[in-house]
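Just so it is clear, the model here is predicted, and its values are computed rather than measured.
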Amino acid sequence: MYVDGFVLPVPKKKLAAYKKMAIDSAKVWIKHGALSYVEGTADDVPMGKVTSFPQSVKLKKGEIVIFAWATYKNRKHRDQVMKKVMTDPLMAASGDPRSWPFDAKRMFFGGFETFVSK
């Protein structure tokens with residue numbers, strides 16, 4: 001299995017708009033073959049002394065951390081899905097990243113090959 005992980009800050013006052021965007025995104029990922037797509041809001045993410053979820057996104061007052069992931073059969077499958085996702089009309093309709101309900105510059109993401117999956 002292969003996993004894409006995403007971590008980003010969202011202003012609490014824009015959380016409803018972000019959730020709509022996430023629901024639409026999930027539909028696109030699944031439509032194009034992702035095995036699963038999950039997004040969640042931070043519930044137990046304390047500020048660390050060296051590093052933490054809040055520090056990783058330079059969390060500001062009034063924001064919440066979002067942790068999301070999508071799963072695939074393998075890296076090749078992920079690359080095929082992502083190619084379709086990035087050209088999907090719904091994703092193109094999301095507009096300029098500056099208009100999104102979060103600061104895309106503070107989002108980070110990456111792909112991971114799993115070695116344990118129960």
Side-chain angles (χ1 to χ4, degrees):
M1 184 182 302
Y2 197 83
V3 178
D4 273 335
F6 309 87
V7 180
L8 58 137
V10 175
K12 291 178 184 176
K13 65 183 180 185
K14 294 183 178 182
L15 189 55
Y18 179 79
K19 286 181 178 181
K20 183 190 178 319
M21 182 183 218
I23 289 166
D24 290 344
S25 295
K27 290 175 186 173
V28 171
W29 256 260
I30 297 300
K31 175 174 96 173
H32 293 300
L35 302 177
S36 68
Y37 185 95
V38 179
E39 296 224 22
T41 53
D43 181 55
D44 183 17
V45 290
M47 183 66 76
K49 290 183 180 179
V50 177
T51 190
S52 66
F53 278 98
Q55 289 169 301
S56 69
V57 296
K58 298 180 181 175
L59 196 68
K60 297 176 183 175
K61 185 177 180 178
E63 293 181 329
I64 191 164
V65 176
I66 301 293
F67 179 47
W69 65 94
T71 61
Y72 315 89
K73 296 174 191 171
N74 52 43
R75 170 74 189 267
K76 181 180 177 183
H77 178 231
R78 183 272 227 138
D79 291 347
Q80 292 167 343
V81 169
M82 289 301 285
K83 185 175 181 179
K84 294 174 187 174
V85 165
M86 291 299 126
T87 59
D88 189 280
L90 186 60
M91 296 305 287
S94 66
D96 185 336
R98 292 175 291 184
S99 70
W100 293 350
F102 66 96
D103 184 353
K105 291 177 186 169
R106 291 187 288 140
M107 174 176 79
F108 65 95
F109 53 89
F112 299 83
E113 188 169 325
T114 61
F115 60 90
V116 174
S117 179
K118 295 282 180 180

If you round to the nearest 0.5 Å, how far is CD of Gln80 from NZ of Lys73? 8.5 Å
Any heavy-atom pair between the side chains of Phe67 and Val45 that's under 4.5 Å? no
Which of parallel (below 30°), tilted (30 to 60°) and perpendicular (above 60°) describes Tyr72 and Tyr2? tilted
Point-to-point distance, once rounded to the nearest 0.5 Å, from OG1 of Thr71 to CG of Asp4: 9.5 Å
How close do Thr114 and Met1 get, counting heavy atoms only, and between which atoms? OG1-O, 2.8 Å
Hey, is CZ on Phe108 packed in by over 12 heavy atoms from elsewhere, all under 6.0 Å? yes
Determine, using the 4.5 Å side-chain heavy-atom cutoff (strictly less than), whether Val7 and Phe109 are members of one ILVMFWY cluster. no
Of all heavy-atom pairs linking Gly111 and Arg78, the shortest is CA-NH2, 3.7 Å
Would you please test Lys31 and Asp88 for salt bridge (charged side-chain N to carboxylate O under 4.0 Å, His left out) and show each step? CA-CA 10 Å; Lys31 175 174 96 173; Asp88 189 280; 2.8 Å; yes
Please answer: with hydrophobic residues joined when any side-chain heavy atoms are less than 4.5 Å apart, are Phe6 and Leu59 in the same cluster? no
Could you check whether any side-chain heavy atom of Ile66 comes within less than 4.5 Å of a side-chain heavy atom of Leu15, counting everything from C-beta outward? yes
Between Trp100 and Val85, is there a shared hydrophobic cluster once you connect ILVMFWY residues whose side-chain heavy atoms come closer than 4.5 Å? yes
Might you point out which heavy atoms bring Lys19 and Thr41 nearest each other, and give the distance in Å? CE-CG2, 4.5 Å
Val38 with Val57, same ILVMFWY side-chain cluster at under 4.5 Å: yes
Rounded to the nearest 0.5 Å, how far does CE of Met21 lie from CG of Leu90? 9.0 Å
Shortest non-hydrogen contact from Gly33 toward Val81: C-CG2, 3.8 Å
Using the rule given for salt bridge (charged side-chain N to carboxylate O under 4.0 Å, His left out), can you reason through Asp79 versus Arg75, listing the C-alpha separation, both sets of side-chain angles and the distance that settles it, and then say yes or no? CA-CA 6 Å; Asp79 291 347; Arg75 170 74 189 267; 3.1 Å; yes
Name the orientation class of the two ring planes belonging to Trp29 and Tyr37 (parallel below 30°, tilted from 30 to 60°, perpendicular beyond 60°). tilted
Residues 36-57 vs salt bridge (Lys or Arg N to Asp or Glu O under 4.0 Å), sequence neighbours excluded, gives none
Hphob cluster co-occupancy, Leu8 + Trp69, side-chain heavy atoms under 4.5 angstrom: no
Heavy atoms only: give me the nearest Pro101-Pro11 pair and the separation to one decimal. O-CD, 3.4 Å
Considering only heavy atoms from C-beta outward, does the side chain of Met91 approach that of Ser25 to under 4.5 Å? yes
Using 0.5 Å steps for rounding, measure from the CE atom of Met86 to the NE2 atom of His32. 10.0 Å
Looking only at heavy atoms, which two atoms of Ile64 and Ala42 are closest? And how far apart? CD1-O, 3.7 Å
